[in-house]
Amino acid sequence: MPASKTSVRNSNISPTLLESSNGDDVGHPEGLRVAKAYDVERTHSSDYILRSGFAGGLAGCAAKSIIAPLDRVKILFQTSSPEFAKYSGTRMGVWRAAHQIYSQNGVLGLFQGHSATLLRIFPYAAIKFVVYEQIRSVLISRPEQETNVRRVLSGSLAGVTSVFFTYPLELIRVRLAYETRKDQRASFVRICKQILNEGKPAPSSTSGGRWIRNWRGLHNFYRGFSPTLLGMLPYAGVSFWTHDTIHDIFRSQLLAPYAVADGSSSSDRHVPLTVWAQLTAGGLAGMVSQTASYPLEVVRRRMQVGGTLKEKKFPGIWSTARVIWLEHGFRGFFVGLTIGYIKVIPMVSCSFFVYERMKIVLGI
């Protein structure tokens, strides 16, 4: 039996789709769509990169804006803020904490740190989606390469790349959200100066001493980066994998008439899902990825606010995890997970939805 037929049988892709992707039958309408979906040269063009980056940036900003108040409450819970610890774990704790913030600072208090969020999220989301599309086009250039491992790897590498370039802004955002003092208004510039000067050695007259002092200050902006990196591998990887897998399910012959815009069962990623199907795929992706990465997120938050605590300690990953274990046990690694679900499910759902729709608007 010819190798091409064997690959068709093993890949669960119709012969028409597979032949079209190899350029043997691109005259067929279905073949044109699939050839476009696996067009590596087109995906690597500067025009595609710019358009997908813009679509990703807008998607990230839209998603973060709708959950900004919940995001601030979640950060206060994760970091064990003394003023809000009494609400953590209670049935109405989220709403009571939000009400206290509103009573003290008004609506703007619920969005404290959101400007830093938007400043960070646009490049973060843009880089994440661009890198995902680029890596995916390399690892999955043909239909038979649509495997779980390649999908998870594409998402993980995209997440790691984006978080590396935008992490300092994430740290500043967390500090702004953590700030609850009534006598001093949170300021972007003040928080930056505070982070820069935390844990610095005494001033030195030697060039080497000055270099070490300056390096320590810049290094502060990456405090908590290690658990972030470890957490991003499962979070981004599982998120993109779940999203693409749910897409495949919705594009099956059974669900396609209800879930695909044109009602056809096709593996073509350029045919959009209906609104409810796209939102569902994104929501499930957010729920699964949040569960997989949440313990590392809790560790990261505790490390990020280390400089604001009275002890002024800056522990590592394992020592921070040990403190959480001793204080709260296993449940301590999932403090605020309910808020996480309430926050992440609509956020990721909105992010994927806006991104997919913006791709249509921008012609990619």
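Here the structure is a predicted model, which is why all the values come from computation and not from measurement.
Between N220 and R223, the side chains place a donor N or O and an acceptor N or O closer than 3.5 Å (distance only, hydrogens not considered). Neither side chain, Y124 nor R120, offers a donor N or O lying under 3.5 Å from an acceptor on the other. Judged purely by distance below 3.5 Å, without hydrogens or angles, the side chains of E170 and T166 never pair a donor atom with an acceptor atom. For the residue pair E133 and H44, no side-chain donor N or O sits within less than 3.5 Å of a side-chain acceptor on the partner.
When side chains are defined from C-beta on, R251 counts as touching V271, because their heavy atoms get closer than 4.5 Å. In this structure, the side chains of H247 and Q278 come closer than 4.5 Å at one or more pairs of heavy atoms.
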Requested in this report: Check the pair F240 / Y235 against side chain to side chain contact (heavy atoms under 4.5 Å, CB included), numbers first and verdict last.
Outcome: CA-CA 9 Å; F240 278 107; Y235 180 81; over 6 Å; no
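Heavy-atom contacts from other residues, nucleotides or ligands closer than 6.0 Å to CH2 of W276 number more than 12.
The main-chain N or O of A259 is found under 3.5 Å from a side-chain atom of T274 such that the two form a donor-acceptor pair.
In terms of the side chain to side chain contact (heavy atoms under 4.5 Å, CB included) criterion, residue partners of H99 (sequence neighbours excluded) are, by chain and number, S103.
Considering CG of L255 and CD1 of I246, their distance stands at 10.0 Å, rounded to 0.5 Å. With values rounded to the nearest 0.5 angstrom, W325 atom CH2 is found 13.0 Å from W318 atom CH2. To the nearest 0.5 Å, atoms CG (L118) and OG (S65) are separated by 5.0 Å.
Under the 4.5 Å side-chain heavy-atom criterion for Ile, Leu, Val, Met, Phe, Trp and Tyr, V160 and Y167 are members of the same hydrophobic cluster. By the rule that hydrophobic residues join a cluster once side-chain heavy atoms approach within less than 4.5 Å of another member, F129 and L233 end up as members of one cluster.
In this structure, F225 has its ring center no closer than 6.0 Å to that of F221.
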